[in-house]
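Here's the structure we're looking at; comments come further down.
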Protein chains: 2
Amino acid sequence: METQDLRKAGLKVTLPRVRILEILEEKHGTHMTAEDVYKELLKHNDDIGLATVYRVLTQFEAAGIVSKHNFEGGQAVFELDRGEHHDHMVCVETGKVIEFVDPEIEKRQHEIAARHGYELEEHSLVLYVRPKRKK
Amino acid sequence: METQDLRKAGLKVTLPRVRILEILEEKHGTHMTAEDVYKELLKHNDDIGLATVYRVLTQFEAAGIVSKHNFEGGQAVFELDRGEHHDHMVCVETGKVIEFVDPEIEKRQHEIAARHGYELEEHSLVLYVRPKRKK
DNA sequence: ATGCCTGCAAAGCTTTTGCAGATGC
DNA sequence: GCATCTGCAAAAGCTTTGCAGGCAT
């Protein structure tokens with residue numbers, strides 16, 4: 001019931017916001033740029049401006065509904081945030097994105113921050129990988 | 001002997017390149033935007049254009065002399081790359097950047113890539129931290 | 001001398017913003 | 001009805017590029 005998510009975030013339930021949320025759900029597991037979302041909306045014949053897509057995605061991020069990543073290359077990408085944290089592995093040849101979690105790495109990050117007198121607030125880990133070539 | 005580094009990279013030893021390299025060495029350990037480097041050049045009364053700073057930093061990156069990071073917020077930052085790999089911890093309150101290396105995390109990254117049939121080419125790990133508050 | 005560099009200004013791209021009209025509650 | 005929201009177009013910010021002259025070798 002996605003309209004709940006919107007209300008909870010203090011956002012009015014408007015057509016653009018609902019549509020964008022639908023797109024993100026439909027494409028769950030992928031990482032979309034604002035432009036990708038916009039093009040998808042056009043396909044669905046929704047008359048929503050690119051500026052609105054940016055505005056809505058930014059609000060969603062603030063509300064914790066989506067998370068935003070800055071991989072390499074100008075455009076930021078967004079994905080639905082279902083609470084399950086994970087990191088990313090990006091194939092430099094195909095652009096494919098794989099998600100993963102490693103408890104040990106997570107743990108050590110906290111330890112490292114603590115060792116320097118800090119609390120870990122957030123982190124960003126991206127592995128840039130290449131298909132293993134067969135010998 | 002920095003002129004060697006330039007020659008080795010197939011770059012002519014020109015005044016702008018030498019000056020920029022000097023600035024980076026002088027500020028070693030910090031992370032500068034192209035604009036920061038530019039402003040520093042102005043302070044030293046060097047008449048070098050911002051476009052050149054971008055061009056030179058890009059060439060340096062290609063040559064492995066500097067590395068470029070995309071922390072949060074539009075501007076990319078550069079730092080001298082002395083071969084010693086490390087990751088970064090950014091304080092969200094003060095903007096302070098701390099460098100660190102954790103062999104265990106490095107090791108697990110390779111394992112994770114391998115487990116998915118990839119070779120680790122590169123990676124980017126940034127911890128966003130906040131000073132631990134005293135109780 | 002020649003080909004690689006540089007400065008300047010203009011263009012390019014992604015993202016943000018101002019404003020008048022539209023829409024949700 | 002009123003505040004919030006949206007579309008459009010224009011602006012903004014970072015970075016790149018075209019071009020004519022300048023410099024290293």
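In what follows, chains carry the letters A, B, and so on, assigned in the order in which the sequence lines appear, proteins first and then strands, with residues in each chain numbered from 1.
Distance A:L6 CG to D:dT6 P: 10 Å, rounded to the nearest Å. A straight line from CD of A:Q75 to P of C:dG12 spans 17 Å, rounded to a whole angstrom. Between the CZ atom of A:F71 and the P atom of C:dT14 there is a distance of 17 Å, given to the nearest Å. Rounded to whole angstrom, the span from the CG atom of A:L50 across to the P atom of C:dT17 amounts to 14 Å. Computed from coordinates, the B:Y38 OH to C:dC8 C1' distance equals 10 Å when rounded to whole Å. A straight line from NZ of A:K12 to C1' of D:dC2 spans 8 Å, rounded to a whole angstrom. Atom pair A:D47:CG and C:dA22:P shows a separation of 14 Å (rounding to whole Å applied). Going from atom CD of A:Q59 over to atom P of D:dT6 covers 7 Å, rounded to whole Å.
Between A:F100 and B:H116, the gap from one ring centroid to the other reaches at least 6.0 Å.
A salt bridge between A:R19 and A:E40 is absent, with no side-chain N of the basic residue lying under 4.0 Å from a carboxylate O of the acidic one. Using a cut-off of 4.0 Å between Lys/Arg side-chain N and Asp/Glu carboxylate O, A:E119 and B:R130 are scored as not salt-bridged.
The side chain of B:R7 sits closest to D:dT25 out of D:dT25, C:dC25, C:dA9. With distances taken from any side-chain atom of A:T52 to the nucleotides C:dG7, C:dC25, D:dT6, the minimum falls on D:dT6. Ranking C:dT15, D:dT15, D:dT17 by closeness to the B:A51 side chain, first place goes to D:dT17.
Between A:Y54 and the phosphate of C:dT15, there is a side-chain N or O to OP1/OP2 separation shorter than 4.0 Å. For C:dT6, the OP1/OP2 oxygens have a side-chain nitrogen or oxygen of B:T14 closer than 4.0 Å.
B:H86 and B:H88 have perpendicular rings, their planes meeting at more than 60° on a 0 to 90° scale where under 30° would count as parallel.
A:R55 comes within 4.0 angstrom of a nucleotide base, judged by non-hydrogen atoms across all strands. Using a 4.0 Å heavy-atom distance criterion, B:L15 is classed as making no nucleic acid contact.
The closest donor-acceptor contact from the side chain of B:R17 to the backbone of B:K12 lies under 3.5 Å.
If you find the closest nucleotide of DNA chain D to A:R17 and to B:T58, the one lying nearer the 5' end belongs to A:R17.
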